[in-house]
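Each remark here refers to the structure printed beneath this line.
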Amino acid sequence: MSTTLIRHADMLVTMDDAGTEIPDGALVIEDGKIAATGTSAELAHWAGAAENIIDARGCVVTPGLVNTHHHLFQTLTRAVPAGQNALLFDWLKAHYPVWARYRPEDMFVSAQLGLAELALSGCTLSSDHLYLYPDGVRLEDTIEAARSVGIRFHATRGSMSIGEGQGGLPPDGLVEDEKAILEDCIRVIDAFHDPSDGAMVRVGVAPCSPFSVSRELMRDSALLARDKGVMMHTHLAENDEDTAYSLERFGCRPGQYAEELGWVGDDVWHAHCVKLDAGEIGLFAKTRTGVAHCPCSNCRLGSGIAPIRDMLAAGVPVGLGVDGSASNDSGHLLLEARQAMLLQRVAMGADALDPRQVLRLATRGGADMLGRRDCGVLEAGRRADFVIWDIDGLSAAGAWDPVAALILCAPVSARDVFVDGQAIVRGRQLALTDAGDIRARADRSLRRLMA
């Protein structure tokens, strides 16, 4: 049995039900699970049994950050000129031709690059929504990328089936046959989905959006997912264009569309939901339907401010997501948490959202929403996914409250990041793969895509 002791953290933030924070905190890890938490004095007797002792002086220790919405394939299309000043639909149309040129090697390195960025910034669990499959691309290209970085991964088999010729948004050449989509969903679930506690890979079903798939595919995807016991994910009510499309095409608001097709429940989470009204928020609260809030992307695309405080007050499960790197251009969950807090305050006042509330959304909130009751909290029996944040540098100097400083001050460094008790980042460097190699492969793909 392997034992690790982390001790002398300035503050250990557990995210347990009581919101316990432990000064001079310590954490004991045995075989991938948390064995004990407490003060360094209380856990001092573990030092004799520990193979590894890690000093966390000058640091805050939190559960790992959880990213509930991403499009990792977009990491190679940051800051594309044609999409820099566009709303959602025009932004998509500017990027579709580039994404259509992807090959499997591009998909792998784009995912690897995006996941490495997340890991270096304290993320231990990320979902991904891959909804296009050009030139032999498969979902396992991203799963292999996650394994190389060491991050816990929820891959979703996305899809687009309604192209421009049938009134959808994507080019006809990027959509797939619906029968083939469902068959591949079954294939990847059977091959890769692990429902057990401590799973490193889970697979979900994720038709892209109301404007790129048919009602029949939405309904059939829900039936398939529930038959297989996996979660369901899609985009919903992202901006005014999205809502107008639902009203014109389906004669109902996005929430009603989702409910009619079986897309509500505690096994469902929707991305964005910027334009949910009070009735839809009530529906999501009643059915425990989750929302992945992506504030930086919503700002970048001019989509609006999601009513997150109203959702939380109603009891809607909420997590944070960075969204695709082509609509955010960054993959840092602390930046999302800070932006989420600031936007709610702009809209609803300075007391609308507290730093600790958004830190909870970025950790336990996302884990709970993704059905990961084994993660997201630093307490005995949970998986050992945690981050040691160095707050001893200039960015947090002068901070009176080190926990709030993670949100209120400039982003601090993730010194060490652990998943299942294993380091994936040590001393601010990737532990399992080489950042220089990732960058070199990404540069080769980028040059070809830009040619």
Side-chain angles (χ1 to χ4, degrees), residues 2-15 21-40 43 46-47 50-67 115-126 146-153 200 331-335 337 359 362-364 367 375-379 382-396 402-403 405-407 409-435 438:
S2 173
T3 303
T4 299
L5 171 64
I6 294 89
R7 63 186 182 183
H8 299 308
D10 285 13
M11 192 68 71
L12 182 79
V13 183
T14 68
M15 292 297 170
E21 297 177 2
I22 306 172
D24 191 25
L27 187 68
V28 178
I29 310 303
E30 286 188 327
D31 291 338
K33 287 186 177 182
I34 298 169
T37 61
T39 66
S40 295
L43 301 187
W46 285 90
E51 287 86 353
N52 301 297
I53 297 178
I54 298 173
D55 193 288
R57 285 180 176 87
C59 298
V60 172
V61 178
T62 72
L65 305 183
V66 177
N67 177 30
L115 290 167
E117 180 184 19
L118 285 170
L120 288 166
S121 55
C123 183
T124 57
L125 166 60
S126 181
R147 286 175 175 157
S148 74
V149 175
I151 201 166
R152 211 179 288 279
F153 194 51
M200 290 300 294
H332 199 307
L333 264 296
L334 282 186
L335 291 177
L359 186 59
T363 53
R364 184 173 183 174
C375 304
V377 183
L378 301 184
E379 64 182 8
R382 304 266 187 159
R383 308 309 300 190
D385 294 5
F386 62 95
V387 186
I388 302 176
W389 302 96
D390 186 354
I391 57 167
D392 223 11
L394 294 178
S395 64
V403 179
L406 292 174
I407 303 299
C409 299
V412 298
S413 299
R415 192 192 80 179
D416 304 311
V417 181
F418 289 78
V419 175
D420 233 40
Q422 300 298 312
I424 65 168
V425 173
R426 286 304 304 268
R428 302 179 184 83
Q429 301 295 319
L430 295 172
L432 303 181
T433 189
D434 184 81
I438 295 173

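- Closest heavy-atom contact between Gly122 and Val417: CA-CG2, 4.0 Å.
- Summarising the geometry, atom OG1 belonging to Thr14 is positioned 8.5 Å from atom CZ belonging to Arg364; distances are rounded to the nearest 0.5 Å.
- Between the side chain of Thr4 and the backbone N or O of Ile54, no donor-acceptor pair lies under 3.5 Å.
- In this structure, His332 NE2 and Leu118 CG are separated by 9.5 Å, a value rounded to the nearest 0.5 Å.
- No donor-acceptor pair closer than 3.5 Å links the side chain of Asp390 to the backbone N or O of Cys59.
- The distance from the CG atom of Leu5 to the CG atom of Leu43 is 7.0 Å, given to the nearest 0.5 Å.
- In this structure, Phe386 CZ and Met15 CE are separated by 15.5 Å, a value rounded to the nearest 0.5 Å.
- In this structure, OG1 in Thr37 is found 4.5 Å from CD1 in Ile22, a value given to the nearest 0.5 Å.
- Of all non-hydrogen atoms in Arg428 and Ser413, the two that sit nearest each other are NE-CB, 3.2 Å.
- For Gln422, the CD atom is loosely surrounded, since the number of other residues' heavy atoms within 6.0 Å does not exceed 12.
- Distance OG1/Thr124 to CD1/Ile424: 7.0 Å, rounded to 0.5 Å.
- If you check the side chains of Ser40 and Asp24, you find a donor sitting under 3.5 Å from an acceptor.
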Problem - Ile29/Ile34 under side chain to side chain contact (heavy atoms under 4.5 Å, CB included): CA gap, chis, key distance, verdict - result: CA-CA 5 Å; Ile29 310 303; Ile34 298 169; 4.0 Å; yes
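- Residues Pro23 and Thr39 come closest through the heavy atom pair O-CG2, 4.1 Å.
- The two residues Trp46 and Ala36 come nearest to each other via the heavy atoms NE1-CB, 4.2 Å.
- Screening Ile53, Val61, Val28 against Arg7 for a side-chain contact (heavy atoms from CB on, under 4.5 Å) leaves a single residue, Ile53.
- Checked by atom type and distance alone, the side chain of Asp385 never pairs as donor or acceptor with a backbone atom of Val419 at under 3.5 Å.
- A donor-acceptor contact shorter than 3.5 Å links the side chain of Asp10 to the backbone of Gly58.
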Exercise for the section: Could you go through the side chain to side chain contact (heavy atoms under 4.5 Å, CB included) check for Leu406 and Val13 one step at a time? Expected result: CA-CA 11 Å; Leu406 292 174; Val13 183; 5.8 Å; no
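- Residues Thr363 and Gly64 share a closest heavy-atom pair of CG2-O, 3.7 Å.
- Residue Val66 comes nearest to Leu333 through the heavy atom pair O-CD1, 3.8 Å, listed as atom of the first residue, atom of the second, then distance.
- A donor-acceptor contact shorter than 3.5 Å is absent between the side chain of Glu30 and the backbone of Ala35.
- Ionic pairing of Arg57 and Asp392 is not present here: no N-O contact between side-chain nitrogen and carboxylate oxygen is shorter than 4.0 angstrom.
- Arg382 places a side-chain N or O within donor-acceptor distance of the main-chain N or O of Cys375, the cut-off being under 3.5 Å.
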Exercise for the section: Evaluate side chain to side chain contact (heavy atoms under 4.5 Å, CB included) for Arg426 paired with Phe418, printing each intermediate quantity in order. Expected result: CA-CA 9 Å; Arg426 286 304 304 268; Phe418 289 78; 4.0 Å; yes
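- The closest side-chain donor-acceptor pair between Trp389 and Thr62 falls under 3.5 angstrom.
- Contact annotation: the side chain of Ser121 never approaches that of Leu334 to less than 4.5 Å [non-hydrogen atoms, C-beta and beyond].
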